[in-house]
Q: 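Structure below; questions to follow.
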Amino acid sequence: MTVLLAIQHVTYAYPAVKTPNAALRDVSLQIQEGEYVVVLGHNGSGKSTLARLCNALLLPDEGNVLIGGMDTHDVAKRRSIRDMVGIIFQNPDNQIIATLVEDDIAWSLAIQGFAPELIAERVEDALIAVGIAALRQLPPHKLSGGQRQRVAIAGILALRPRCIIADEATSMLDPLARQEITGLLHHLNKEQGLTILQVTHLLEEAALADRVVVMEQGQIVVDEPPAKFFANVRRLHSLRLALPEPIEFAERLRNLGYSIAENALTIEAIVQELY
């Protein structure tokens, strides 16, 4: 597989923060094209800093970040890097600028000088991909939080990226909308082959990922598949990470003598095991 994101011995400290501790300390990570990777960690662990480095919004003090082989330190490559790796944030309102949904999705293409016919085609494709084609003529402020987050994702998809970074993109949503946005990211990963880097503090969002990366005090302390990660309950407690309800339920069943596979990480999978 091709390495799309390569973080090489990166250290970063916010210049305005008067503290001896860097936000990231000698962090190395590789993400293959087409992977779905979830980055977990408490507030201040460095996970959002890591996300911003992958989009060249921040530049490392030490080490290198390579995106598709392009170094984020190279000013001439930054537009290409940001087209290749789109990022959505916690609050979609910070990314929405137009008064109509379809105009907002078209905005980034228009400022880059794309032909009107190509803009219309890409906007249509993006609207359909995120399931909001019927909302194209509505003002974004009349949409729900989950719908506005879909608009933000569509604006990135219109640029035809190879990777989407979701930086706490579900944390302001209700449980149903959170589940829908996570499901959409998985759909884009499976159906369009997009690389997904999902930054979250919600462990249940990691259950169906390819890899789970856990950050603690600016360093990576875990990098492994979900089944192995959730099987080590003692370590989860030592990292002060609360077990998601399905994982806790499966653990209780095992303690009662039921044979539940370690990769049964959702209620549906647990039901299938019991059946």
Side-chain angles (χ1 to χ4, degrees), residues 1-15 22-39 41 46-89 94-95 105-115 118-119 121-123 125-126 129 152-169 185 188-200 209-211 213 215 218-220 223:
M1 295 179 69
T2 303
V3 175
L4 183 61
L5 308 180
I7 299 162
Q8 302 172 335
H9 300 288
V10 163
T11 294
Y12 180 83
Y14 289 95
L24 295 179
R25 295 180 290 128
D26 194 25
V27 170
S28 293
L29 178 69
Q30 286 192 350
I31 296 176
Q32 309 288 333
E33 185 137 27
E35 274 194 300
Y36 195 118
V37 178
V38 167
V39 180
K47 59 187 188 299
S48 288
T49 302
L50 183 75
R52 286 161 170 77
L53 284 161
C54 290
N55 186 250
L57 293 177
L58 298 176
L59 301 176
D61 297 326
E62 298 176 18
N64 297 286
V65 177
L66 303 180
I67 310 298
M70 296 180 289
D71 195 320
T72 58
H73 282 297
D74 188 343
V75 176
K77 299 293 185 183
R78 285 182 195 158
R79 171 58 66 83
S80 298
I81 287 171
R82 289 169 184 159
D83 286 347
M84 184 181 295
V85 180
I87 185 167
I88 55 174
F89 298 102
N94 293 336
Q95 294 180 258
I105 297 169
W107 181 81
S108 59
L109 299 172
I111 64 171
Q112 292 191 40
F114 281 73
L118 183 57
I119 292 176
E121 177 186 334
R122 289 202 179 186
V123 168
D125 289 346
I153 295 172
I156 291 171
L157 287 177
L159 291 168
R160 302 289 169 87
R162 291 164 64 182
C163 174
I164 290 179
I165 299 173
D167 185 12
E168 297 281 9
L185 293 173
L188 294 172
N189 172 250
K190 298 302 181 187
E191 299 301 320
Q192 297 193 18
L194 287 176
T195 305
I196 304 293
L197 181 63
Q198 185 174 5
V199 176
T200 182
D210 296 319
R211 285 164 60 199
V213 173
M215 300 199 67
Q219 294 186 308
I220 292 173
D223 182 357

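A quick note: this is a predicted structure, and the numbers were derived from the prediction, not measured.
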Q: When rounded to the nearest 0.5 angstrom, what is the spacing between CG in D74 and CG in N64?
A: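 So the CG of D74 and the CG of N64 are separated by 11.5 Å.
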Q: Would a distance-only check, ignoring hydrogens and angles, find a side-chain to backbone donor-acceptor pair under 3.5 Å from D71 to H73?
A: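 Answer holds: yes.
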Q: Tell me which donor-acceptor pairs under 3.5 Å the side chains of residues 24-31 have, and how far apart each pair is, sequence neighbours excluded?
A:
| from | atom 1 | to | atom 2 | distance (Å) |
| --- | --- | --- | --- | --- |
| R25 | NE | Q217 | O | 3.3 |
| R25 | NH2 | Q217 | O | 2.7 |
| D26 | OD1 | H9 | ND1 | 3.0 |
| S28 | OG | H9 | N | 2.8 |

Q: Not counting sequence neighbours, which residues clear side-chain contact (heavy atoms from CB on, under 4.5 Å) with N189? List them please.
A: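 Y36, I196.
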Q: Got a second to check how far C163's SG is from M84's CE, nearest 0.5 Å?
A: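 Going from SG on C163 over to CE on M84, the span is 10.0 Å.
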Q: Rounded at 0.5 Å granularity, tell me how far CD1 in I88 sits from CD1 in I164.
A: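 Those atoms lie 6.5 Å apart.
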Q: Mind checking the CG-OH spacing from L50 to Y12? Nearest 0.5 Å is all I need.
A: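 The distance works out to 13.0 Å.
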Q: Does Q198 reach the side chain of V37, with side-chain heavy atoms less than 4.5 Å apart?
A: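 No, their side chains stay 4.5 Å or more apart.
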Q: Return the minimal non-hydrogen interatomic distance between C54 and I67, and the atom names on each side.
A: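 For C54 and I67, the tightest heavy-atom pair comes out as O-CD1, 3.4 Å.
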Q: State whether the side chain of Q95 and the backbone N or O of I87 hold a donor-acceptor pair below 3.5 Å, judged by distance alone.
A: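 Checking the backbone N and O of I87 against the side chain of Q95, a donor-acceptor pair under 3.5 Å is found.
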Q: Run the side chain to side chain contact (heavy atoms under 4.5 Å, CB included) test on V3 and Q32 for me, step by step, so that the C-alpha distance in whole Å, both residues' side-chain angles and the decisive distance to 0.1 Å come before the verdict.
A: CA-CA 4 Å; V3 175; Q32 309 288 333; 3.7 Å; yes
Q: Identify, with sequence neighbours excluded, every residue that meets side-chain contact (heavy atoms from CB on, under 4.5 Å) alongside Q192.
A: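 Testing Q192 for side-chain contact (heavy atoms from CB on, under 4.5 Å), a comparison that skips the adjacent residues, returns A129, L157, L188, L194.
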Q: Quick check: closest heavy atoms across G34 and D210, and the distance to 0.1 Å?
A: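 So the two residues come closest at O-OD2, 4.1 Å.
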Q: Do the charged groups of R160 and D83 touch, with an N to O distance under 4.0 Å?
A: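 Result for this pair is no, no salt bridge flagged.
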Q: For the atom pair CG (L53) and CG (D61), what is the distance rounded to the nearest 0.5 Å?
A: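 Reported value, rounded in 0.5 Å steps: 9.0 Å.
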Q: With rounding to the nearest 0.5 angstrom, report the CD to CG distance, E121 to L109.
A: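 Here the rounded value is 11.0 Å.
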Q: Verify, without hydrogens or angle tests, whether K47 (side chain) and G41 (backbone) share a donor-acceptor contact under 3.5 angstrom.
A: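 Indeed, once roles are kept as given, a pair shorter than 3.5 Å links the two residues.
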Q: Name all residues meeting the salt bridge (charged side-chain N to carboxylate O under 4.0 Å, His left out) criterion together with R211; count only those two or more places apart in sequence or in a different chain, and write none if there are none.
A: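 For R211 the salt bridge (charged side-chain N to carboxylate O under 4.0 Å, His left out) partners, ignoring immediate neighbours, are E35, D223.
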Q: Would you mind reporting whether F89 and E168 have side-chain heavy atoms less than 4.5 Å apart?
A: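 No, side chains not in contact.
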Q: Going by an N to O cut-off under 4.0 Å, is there a salt bridge joining D167 and R52?
A: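 Judged by the 4.0 Å cut-off on N to carboxylate O distance, D167 and R52 do form a salt bridge.
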Q: Could I get the full list of side-chain contact (heavy atoms from CB on, under 4.5 Å) partners for A56, not counting sequence neighbours?
A: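 Scan of A56 (side-chain contact (heavy atoms from CB on, under 4.5 Å), adjacent residues dropped) gives T72, R78, I81, R82.
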Q: What heavy-atom pair brings A126 and A158 nearest, and what distance separates the two atoms?
A: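 So the minimum-distance heavy-atom pair works out to CB-N, 4.2 Å.
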Q: Can you see which heavy atom on A22 is nearest to which on T11, and at what distance?
A: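 Between these two residues, the closest heavy atoms are CB-CG2, 4.1 Å.
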Q: Given the rule in the side chain to side chain contact (heavy atoms under 4.5 Å, CB included) test, do L58 and T49 qualify, once you have shown the distances and angles that lead to the verdict?
A: CA-CA 8 Å; L58 298 176; T49 302; 4.0 Å; yes
Q: Sequence neighbours excluded, which residues qualify as side-chain contact (heavy atoms from CB on, under 4.5 Å) partners of E33?
A: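 Checked E33 against side-chain contact (heavy atoms from CB on, under 4.5 Å); matches are T2, L4, R162, T195.
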Q: Is there side-chain contact between V10 and E62, with heavy atoms separated by less than 4.5 Å?
A: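 No; the side chains remain at least 4.5 Å from each other.
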Q: Show the nearest heavy-atom pair for residues G86 and P161, with the distance to one decimal.
A: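 Where G86 meets P161 most closely, the heavy atoms are N-CB, 4.3 Å.
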